[in-house]
Student: 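Below: one structure in structure tokens.
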Amino acid sequence: MGLIARDRYLQKLIDRKENGMIKVITGIRRCGKTYLLFELFYNYLKEQGVDDKHIIKLALDDTKNKKYRNPDELYYYVRAQILDDNPYYILLDEVQFVDEFEDVLNGFLHIKNADTYVTGSNAKFLSKDIITEFRGRGDEVRVYPLTFKEYYGYLGGDKLERFEEYAQFGGLPLTLSRKSTEDKAKYLSNLFKEVYFKDLEERYSIDLPEVLQLLTDDLCSSIGSLTNSSKLAKDLKSAKNVKVDSQTIATYLEYLEESFLFNQAKRYDVKGKKYFLYPSKYYCTDMGLRNARLNFRQQEDTHAIENIIYNELIARGFSVDVGVVEIVSVGEDGKRHQKQREIDFVINKGMRRYYIQSALALNTDDKEKTTLRSFLETKDFFKKIIVTKSYMMPWFDDNGIYHVGLYDFLLDESILES
């Protein structure tokens, strides 16, 4: 089969070409950073007529390039390749193998006709603070696991069958090369044990690694549920008899976010236009990793779809919050009563805002009424969308609410504008 299309990220690199900054490709391990740089972007440069002499390409995890892990060797090697005034493109994979790589890369900025792109996979490069190392001259391109559109675009076939595979095994590209379900499951399980937890322990000197693993399991088990550090600490105490303070849990939550394993969705008061400090929701960056961590025991469609929609929206570049609508009513006793109703996602990009509810189906009047109620109480004119697991054609109801099938939503990025 051909190459997996990662057009969104390729275009980001193209847009940043020769912008005078170091392009830093970040993202969870095994999400396709090397593939993006060494296959897709390299092929693009060749198609634009750039010859190999003007593409300085080094995989620093390759033993044959071991001597270039020395910062002086790398710097002088690159300088020696630049023989004229035409643009040169420096593509470095796994640059963390180089000691003091920040100084070397900042040094490349002084070469006027050099354009630098790097990936990295150690704990430092998996952190959101990597850009600070480049003194304001780093330009981050964040890569996510495959969306369903990318996954389906590569494999084709029956949409429903492909979606069920995707919901179970996720979008890490190398899962596609594993033929059996057993091989896919083993690959994903080993990533947590052999890669992700070791990265976290290396970077943060984790004192309680077993607590970190139990916390990860708890988050995986409760995706889309409201929680906070105090509740999680109580859960560990009651379920596992593990005593740990809420501050440690809060710190570990931050580590899991910084390492791109989970994303936090904060609660936003739609009418009051303010954020709540807690509780929040946490979504796993990849459903396959989440399922593997739970030994594929929890396969609830409702939570899986919600997590997949969240990841899709993040990949499309939206900021995503959990909406809260405060409803005040007067009871028969004459007293005012306050209730909070939830909107699954309040999403923003630039001046655009949308409200999205995710539902497996609206198969009863009560279910439909409950789902729509939060929308109707916002009392505003932002577009409101319900996504259900169906093949139905998109349509507007009498309240102006847009109903969309899940597969259309995931496969057509323009559907929000329809």
Side-chain angles (χ1 to χ4, degrees), residues 144-148 151-152 158-172 175 181-182 184-185 188-189 191-192 213-228 231-232 235-236 238-240 253 256 261-265 267 279-315 320 322-323 341-345 356-364 366-368 370-372 374 385-392 403-411:
Y144 296 88
L146 301 176
T147 63
F148 179 61
Y151 184 92
Y152 181 73
D158 180 75
K159 290 180 186 176
L160 178 58
E161 181 181 339
R162 291 303 183 210
F163 179 80
E164 296 304 322
E165 293 172 0
Y166 179 77
Q168 185 172 26
F169 295 111
L172 293 181
T175 59
T181 57
E182 291 80 6
K184 292 177 189 289
L188 291 167
S189 297
L191 279 180
F192 257 120
Q213 295 185 35
L214 290 171
L215 173 61
T216 300
D217 293 344
D218 204 337
L219 292 178
C220 287
S221 183
S222 59
I223 52 172
S225 299
L226 291 171
T227 193
N228 56 39
K231 181 180 183 302
L232 289 164
D235 289 345
L236 290 179
S238 61
K240 301 293 183 180
L253 283 172
L256 289 168
L261 286 165
F262 292 89
N263 286 304
Q264 179 189 27
R267 297 167 76 230
S280 301
K281 292 187 177 185
Y282 289 86
Y283 294 97
C284 198
T285 299
D286 181 76
M287 280 300 294
L289 290 173
R290 178 260 182 186
N291 294 333
R293 191 63 198 165
L294 300 176
N295 293 317
F296 296 90
R297 288 192 300 266
Q298 298 183 25
Q299 299 292 310
E300 321 91 334
D301 264 359
T302 303
H303 290 149
I305 290 170
E306 186 177 331
N307 202 137
I308 289 168
I309 290 175
Y310 176 88
N311 288 344
E312 176 68 31
L313 294 168
I314 291 292
V320 185
V322 177
R341 293 191 178 273
E342 187 174 287
I343 297 173
D344 287 335
F345 304 120
I356 296 177
Q357 292 281 39
S358 166
L360 189 59
L362 300 181
N363 47 10
T364 67
D366 286 344
K367 175 67 174 175
E368 184 171 3
T370 300
T371 303
L372 297 181
S374 302
I385 301 152
I386 293 180
V387 181
T388 54
K389 191 179 182 184
S390 70
Y391 281 104
M392 68 180 182
H403 294 248
V404 178
L406 175 65
Y407 309 109
D408 286 336
F409 178 82
L410 294 175
L411 293 173

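What you see is a predicted model, and the numbers here were worked out from it, not measured in a lab.
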Student: Just checking, any donor-acceptor pair under 3.5 angstrom between side chains of Gln264 and Ser280?
Tutor: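 The criterion, which ignores hydrogens and geometry beyond distance, is satisfied for Ser280 and Gln264.
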Student: Measuring from atom CG of Leu256 to atom OG1 of Thr216, what distance do you get when rounded to the nearest 0.5 angstrom?
Tutor: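 Going from CG on Leu256 over to OG1 on Thr216, the span is 4.5 Å.
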Student: Is Ser374 reaching over with its side chain to a backbone N or O of Glu342, donor-acceptor style, under 3.5 angstrom?
Tutor: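 Yes: the side chain of Ser374 pairs with the backbone of Glu342.
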Student: I'd like to know if the side chain of Asn291 and the backbone of Phe169 have a donor-acceptor N/O pair within less than 3.5 Å.
Tutor: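 No.
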Student: Quick one: closest heavy-atom pair of Gly170 and Thr175, and the distance?
Tutor: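 Shortest heavy-atom separation between Gly170 and Thr175 comes out as O-OG1, 4.3 Å.
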Student: Has Tyr166 got a side-chain atom pairing as donor or acceptor with Leu146's backbone, closer than 3.5 angstrom?
Tutor: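 Indeed, once roles are kept as given, a pair shorter than 3.5 Å links the two residues.
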Student: In chain order, what residues pass the salt bridge (Lys or Arg N to Asp or Glu O under 4.0 Å) check against Asp408, with sequence neighbours excluded?
Tutor: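 Once residues adjacent in sequence are excluded, Asp408 has no partner under the salt bridge (Lys or Arg N to Asp or Glu O under 4.0 Å) criterion.
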Student: So Cys220 and Phe262, do their side chains get closer than 4.5 Å, heavy atoms only?
Tutor: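 With C-beta onward as the side chain, the pair touches.
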Student: Please step through salt bridge (charged side-chain N to carboxylate O under 4.0 Å, His left out) for the pair Glu306 and Lys281, ending with a clear verdict.
Tutor: CA-CA 11 Å; Glu306 186 177 331; Lys281 292 187 177 185; 3.5 Å; yes
Student: Taking it one step at a time, do Leu410 and Thr147 satisfy side-chain contact (heavy atoms from CB on, under 4.5 Å)?
Tutor: CA-CA 8 Å; Leu410 294 175; Thr147 63; over 6 Å; no
Student: What residues, two or more places apart in sequence or in another chain, satisfy salt bridge (Lys or Arg N to Asp or Glu O under 4.0 Å) together with Arg267?
Tutor: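 In terms of salt bridge (Lys or Arg N to Asp or Glu O under 4.0 Å), with neighbours along the sequence ignored, Arg267 is linked to no residue.
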Student: To the nearest 0.5 Å, what is the distance between CG (Asp235) and CG (Leu214)?
Tutor: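 With rounding to 0.5 Å, CG (Asp235) is 11.5 Å from CG (Leu214).
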Student: Between Tyr407 and Phe163, what is the ring plane arrangement, given parallel below 30°, perpendicular above 60°, and tilted in between?
Tutor: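 Because their plane-to-plane angle is over 60°, the rings of Tyr407 and Phe163 count as perpendicular.
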Student: Distance-only, no hydrogens or angles: does the Ser221 side chain make a donor-acceptor pair with backbone N or O of Asp217 under 3.5 Å?
Tutor: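 Not a single qualifying donor-acceptor pair exists.
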Student: Can you give me the closest heavy-atom contact between Pro145 and Leu172, atom names plus distance?
Tutor: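 Pro145 and Leu172 have their closest heavy atoms at CG-CD2, 3.9 Å.
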Student: Answer yes or no: is there a donor N or O on one side and an acceptor on the other, between the side chain of Asp344 and the main chain of Ala359, under 3.5 Å?
Tutor: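 No, Asp344 side chain to Ala359 backbone: no donor-acceptor pair under 3.5 Å.
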Student: Has Asp286 got a side-chain atom pairing as donor or acceptor with Gly171's backbone, closer than 3.5 angstrom?
Tutor: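 The answer is yes, because a donor-acceptor pair under 3.5 Å joins these two groups.
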Student: Rounded to the nearest 0.5 Å, what separates atom CG in Asn263 from atom OH in Tyr282?
Tutor: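 Result: 10.5 Å between the selected atoms.
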Student: Can you name the salt bridge (Lys or Arg N to Asp or Glu O under 4.0 Å) partners of Lys389, sequence neighbours left out?
Tutor: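 Scan of Lys389 (salt bridge (Lys or Arg N to Asp or Glu O under 4.0 Å), adjacent residues dropped) gives Glu164, Asp301.
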Student: Any idea which heavy atoms bring Cys284 and Asn311 closest together, and the distance?
Tutor: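 In this case the closest contact between Cys284 and Asn311 is O-ND2, 3.1 Å.
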Student: What pair of heavy atoms forms the shortest contact from Tyr391 to Lys159, and how long is it?
Tutor: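 The pair with the smallest heavy-atom distance is OH-CB, 4.0 Å.
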Student: For residues Tyr310 and Tyr283, establish whether the separation of their ring centroids is below 6.0 Å.
Tutor: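 Yes, the ring centres sit under 6.0 Å apart.
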Student: Between Thr285 and Leu261, is there a donor-acceptor pair closer than 3.5 Å when you use the side chain of the first and the backbone of the second?
Tutor: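 Present.
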Student: So how far is it from Phe409 CZ to Ile305 CD1, rounded to the nearest 0.5 Å?
Tutor: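 So the CZ of Phe409 and the CD1 of Ile305 are separated by 12.0 Å.
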Student: Tell me the closest heavy-atom pair linking Leu188 and Ala292, and the distance in Å.
Tutor: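 In terms of heavy atoms, the two residues are closest at CB-CB, 3.6 Å.
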Student: Run through Val387, Ile385, Leu313 and flag the one making a side chain to side chain contact (heavy atoms under 4.5 Å, CB included) with Phe345.
Tutor: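 In the set Val387, Ile385, Leu313, the residue that makes a side chain to side chain contact (heavy atoms under 4.5 Å, CB included) with Phe345 is Leu313.
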Student: If you look at every heavy atom in Ile343 and Ile356, which pair is closest and at what distance?
Tutor: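 Reported closest heavy-atom pair: CG2-O, 3.7 Å.
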Student: Any chance you could measure Glu300, atom CD, to Asn307, atom CG, to the nearest 0.5 Å?
Tutor: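 So the CD of Glu300 and the CG of Asn307 are separated by 11.0 Å.
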